[in-house]
Engineer: 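A single structure is presented below for examination.
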Amino acid sequence: MLPVERHRRIVAELSRLKFVTTDDLTALLGVSSETVRRDLALLERRGELTRVHGGATSPEGLVGEEAPFSERSGAMAEEKRAIGRLAATLIEPGQTVIIDVGTTALEVARSLPDDHVGVIATPSLLVAAEVSTRPRVEVLVSGGRLRAGDLACSNAHTVEFFTNLRADAAFVGSGGIAPYGLTDFHLDEVATKRAMLANASHRYVLADSGKFGRTAAHRVCDLSGFDTLLTDQACPEELHAGISRAKGTVIVAA
């Protein structure tokens with residue numbers, strides 16, 4: 001296949017999917033991963049795509065930086081509260097549950113009843129402070145390097161903590177979700193999220209409808225990497241179909 005034809009097919013695939021992985025393009029084009037990476041670098045210089053970890057996205061699909069915590073707290077606040085209330089109904093007494101960092105994850109913690117009994121593990125000092133007000137909750141904090149704003153912990157120590165913890169359920173935040181999977185803004189925290197998802201019996205992703213179709217810089221997992229998406233609106237058709245193909249489910253908060 002001539003380079004010009006490869007480039008045309010890459011751009012066409014991005015137009016259809018908004019994100020493609022290097023592995024997907026290698027299979028589609030029948031060339032080496034090195035050739036694909038050179039093609040992506042050239043197309044990025046032309047402004048036809050944006051390279052991200054593991055592949056490429058259309059330029060309009062990429063969200064470069066996460067907004068400050070104070071700004072995100074006020075955005076889609078009622079939708080996040082609804083997702084938090086929904087998530088809390090899925091937590092049973094006596095369970096060991098992981099609650100991730102982020103504004104929607106904090107709403108999960110806030111929605112737990114005052115008499116809740118169980119273990120809550122988290123890398124978020126904000127979540128830990130919230131659930132510590134429940135006298136019958138045992139709070140486990142991962143420790144690690146602290147990121148301001150979200151007060152989120154991350155590093156190798158954090159990953160090891162969650163690797164060694166077997167949870168009944170994990171509620172994981174998101175920077176964006178699209179047919180190619182779940183993405184996030186902070187590279188150190190991607191490894192933490194993967195450890196959470198790998199070691200929980202049931203894996204929930206928290207994503208308000210503003211995250212649909214968005215791509216943050218770092219890929220966490222594909223759509224088979226979690227069991228249930230908790231959100232506030234029905235998903236776009238392509239995203240819902242992808243989750244269904246991956247044997248996952250979507251629950252929309254009332």
Side-chain angles (χ1 to χ4, degrees), residues 53 65-73 80 83-84 87-88 90-177 182-207 211 216-221 225-227 230:
H53 183 73
E65 293 185 359
E66 186 176 42
F69 180 83
S70 57
E71 182 178 328
R72 287 182 286 119
S73 295
K80 292 173 182 177
I83 295 170
L90 301 171
I91 299 174
E92 299 179 7
Q95 287 187 324
T96 296
V97 172
I98 295 169
I99 302 179
D100 196 10
V101 303
T103 52
T104 309
L106 184 55
E107 293 299 337
V108 179
R110 287 171 174 164
S111 297
L112 285 175
D114 292 338
D115 61 351
H116 180 71
V117 179
V119 178
I120 302 296
T122 183
S124 166
L125 298 192
L126 296 175
V127 168
E130 176 62 40
V131 296
S132 69
T133 63
R134 279 70 169 173
R136 303 176 71 188
V137 170
E138 179 182 354
V139 184
L140 305 179
V141 183
S142 65
R145 183 175 60 84
L146 190 65
R147 175 168 60 85
D150 287 78
L151 298 186
C153 298
S154 67
N155 64 5
H157 178 87
T158 316
V159 173
E160 183 180 11
F161 174 89
F162 286 108
T163 299
N164 293 325
L165 178 71
R166 185 67 184 178
D168 295 293
F171 294 86
V172 176
S174 59
I177 187 165
L182 183 69
T183 55
D184 197 57
F185 292 95
H186 305 284
L187 180 58
D188 288 351
E189 292 166 31
V190 166
T192 304
K193 292 179 191 294
R194 288 174 179 168
M196 293 174 179
L197 292 167
N199 293 287
S201 297
H202 200 98
R203 305 162 298 172
Y204 298 95
V205 167
L206 309 166
K211 306 288 181 66
H218 306 290
R219 195 176 192 219
V220 177
C221 64
F226 60 90
D227 304 303
L230 305 181

Engineer: Contact between V220 and L197 at the side-chain level, heavy atoms closer than 4.5 Å - yes or no?
Structural biologist: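 They are in contact (side-chain heavy atoms under 4.5 Å apart), so the answer is yes.
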Engineer: Could you pull out the closest heavy-atom pair between V159 and A195, with the gap in Å?
Structural biologist: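 Scanning both residues completely, I find the closest heavy atoms to be O-CB, 4.0 Å.
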Engineer: Are any of the side-chain heavy atoms of V141 and L125 separated by less than 4.5 Å?
Structural biologist: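 In short, these two side chains touch, coming nearer than 4.5 Å.
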Engineer: Work out which heavy atom in A200 is nearest to a heavy atom in A170; give both atom names and the distance.
Structural biologist: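 Shortest heavy-atom separation between A200 and A170 comes out as CB-CB, 3.6 Å.
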Engineer: Given 3.5 Å as the limit, does a donor-acceptor pair link the side chain of R134 with the main chain of L112, or not?
Structural biologist: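 Between the backbone of L112 and the side chain of R134 there is a qualifying donor-acceptor contact (under 3.5 Å).
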Engineer: Assess the residue pair V108 and I91 against the criterion (side chain to side chain contact (heavy atoms under 4.5 Å, CB included)); give the C-alpha distance rounded to whole Å, side-chain angles, the decisive distance to 0.1 Å, and a yes or no.
Structural biologist: CA-CA 10 Å; V108 179; I91 299 174; 4.2 Å; yes
Engineer: For the pair D100 (side chain) and F171 (backbone), establish whether a donor and an acceptor sit closer than 3.5 Å, ignoring hydrogens and angles.
Structural biologist: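 Flag not set: sc D100 to bb F171 has no pair under 3.5 Å.
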Engineer: Once you round to the nearest 0.5 Å, how far does CG of N164 lie from CG of N199?
Structural biologist: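 Rounded to the nearest 0.5 Å, the CG-CG separation comes out at 8.0 Å.
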Engineer: Which heavy atom in V137 sits nearest to a heavy atom in V131, and how many Å separate them?
Structural biologist: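 Answer, listing the atom of V137 first, then V131: CB-O, 4.0 Å.
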Engineer: Answer whether the closest heavy-atom distance between the side chains of V101 and V127 falls below 4.5 Å.
Structural biologist: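 Contact flag for V101/V127 side chains = no.
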Engineer: Quick check: does any side chain N or O of R203 sit under 3.5 Å from a backbone N or O of G225, one acting as donor and the other as acceptor?
Structural biologist: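 Flag set: sc R203 to bb G225 pair under 3.5 Å.
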Engineer: To the nearest 0.5 Å, tell me how far T158 OG1 sits from E189 CD.
Structural biologist: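 Reported to 0.5 Å precision, the distance equals 9.0 Å.
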Engineer: Please check: side-chain N/O of T183 versus main-chain N/O of H218, any donor-acceptor pairing under 3.5 Å?
Structural biologist: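 Between the backbone of H218 and the side chain of T183 there is no qualifying donor-acceptor contact (under 3.5 Å).
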Engineer: Would a 4.5 Å heavy-atom cut-off, applied to side chains only, mark C153 and F161 as touching?
Structural biologist: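 In short, these two side chains do not touch, never coming nearer than 4.5 Å.
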Engineer: Indicate yes or no for a side-chain donor-acceptor contact from H157 to the backbone of S142 under 3.5 Å, with no hydrogens or angles considered.
Structural biologist: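 Pair found, side chain donor or acceptor close to backbone of S142.
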Engineer: Is there a donor-acceptor pair closer than 3.5 Å between any side-chain N or O of T122 and the backbone N or O of A128?
Structural biologist: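 No, the answer is negative, given that no donor and acceptor are paired below the 3.5 Å cut-off.
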Engineer: Side chain of K211, backbone of S174: donor and acceptor closer than 3.5 Å?
Structural biologist: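 A pair under 3.5 Å: yes.
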Engineer: Give me the atom names and distance for the closest heavy-atom approach of E92 to H116.
Structural biologist: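 Where E92 meets H116 most closely, the heavy atoms are O-CE1, 3.8 Å.
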Engineer: Specify the closest pair of heavy atoms between L126 and L106, including all atoms of both residues, with the distance to one decimal.
Structural biologist: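 Looking at all heavy atoms of both residues, the shortest contact is O-CD1, 3.7 Å.
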Engineer: When rounded to the nearest 0.5 angstrom, what is the spacing between CD in E130 and OG in S111?
Structural biologist: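 Atom-to-atom, E130:CD and S111:OG are 9.0 Å apart.
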Engineer: Show the numbers, then the answer: is there a side chain to side chain contact (heavy atoms under 4.5 Å, CB included) between R166 and S201?
Structural biologist: CA-CA 8 Å; R166 185 67 184 178; S201 297; 3.9 Å; yes
Engineer: Please round to the nearest 0.5 Å and tell me the distance separating atom CZ of R194 and atom CG of L182.
Structural biologist: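 Reported value, rounded in 0.5 Å steps: 10.0 Å.
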Engineer: Restricting to salt bridge (charged side-chain N to carboxylate O under 4.0 Å, His left out), what partner residues turn up for R72, sequence neighbours left out?
Structural biologist: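 Once residues adjacent in sequence are excluded, the partners of R72 under the salt bridge (charged side-chain N to carboxylate O under 4.0 Å, His left out) criterion are E66, D150.
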Engineer: As an exercise, state the distance from CG of L206 to CZ of F226, rounded to the nearest 0.5 Å.
Structural biologist: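 Result: 11.0 Å between the selected atoms.
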Engineer: Drop me the distance from L90's CG to Q95's CD, to the nearest 0.5 angstrom.
Structural biologist: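 The CG atom of L90 sits 9.5 Å away from the CD atom of Q95.
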Engineer: Side-chain contact test, heavy atoms from C-beta onward, threshold under 4.5 Å: evaluate it for T104 versus L230 and give yes or no.
Structural biologist: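 No, too far: nothing below the 4.5 Å cut-off.
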Engineer: Grab the two heavy atoms, one from G175 and one from D184, that are nearest each other, plus how far apart they are.
Structural biologist: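 Looking at all heavy atoms of both residues, the shortest contact is N-OD1, 3.5 Å.
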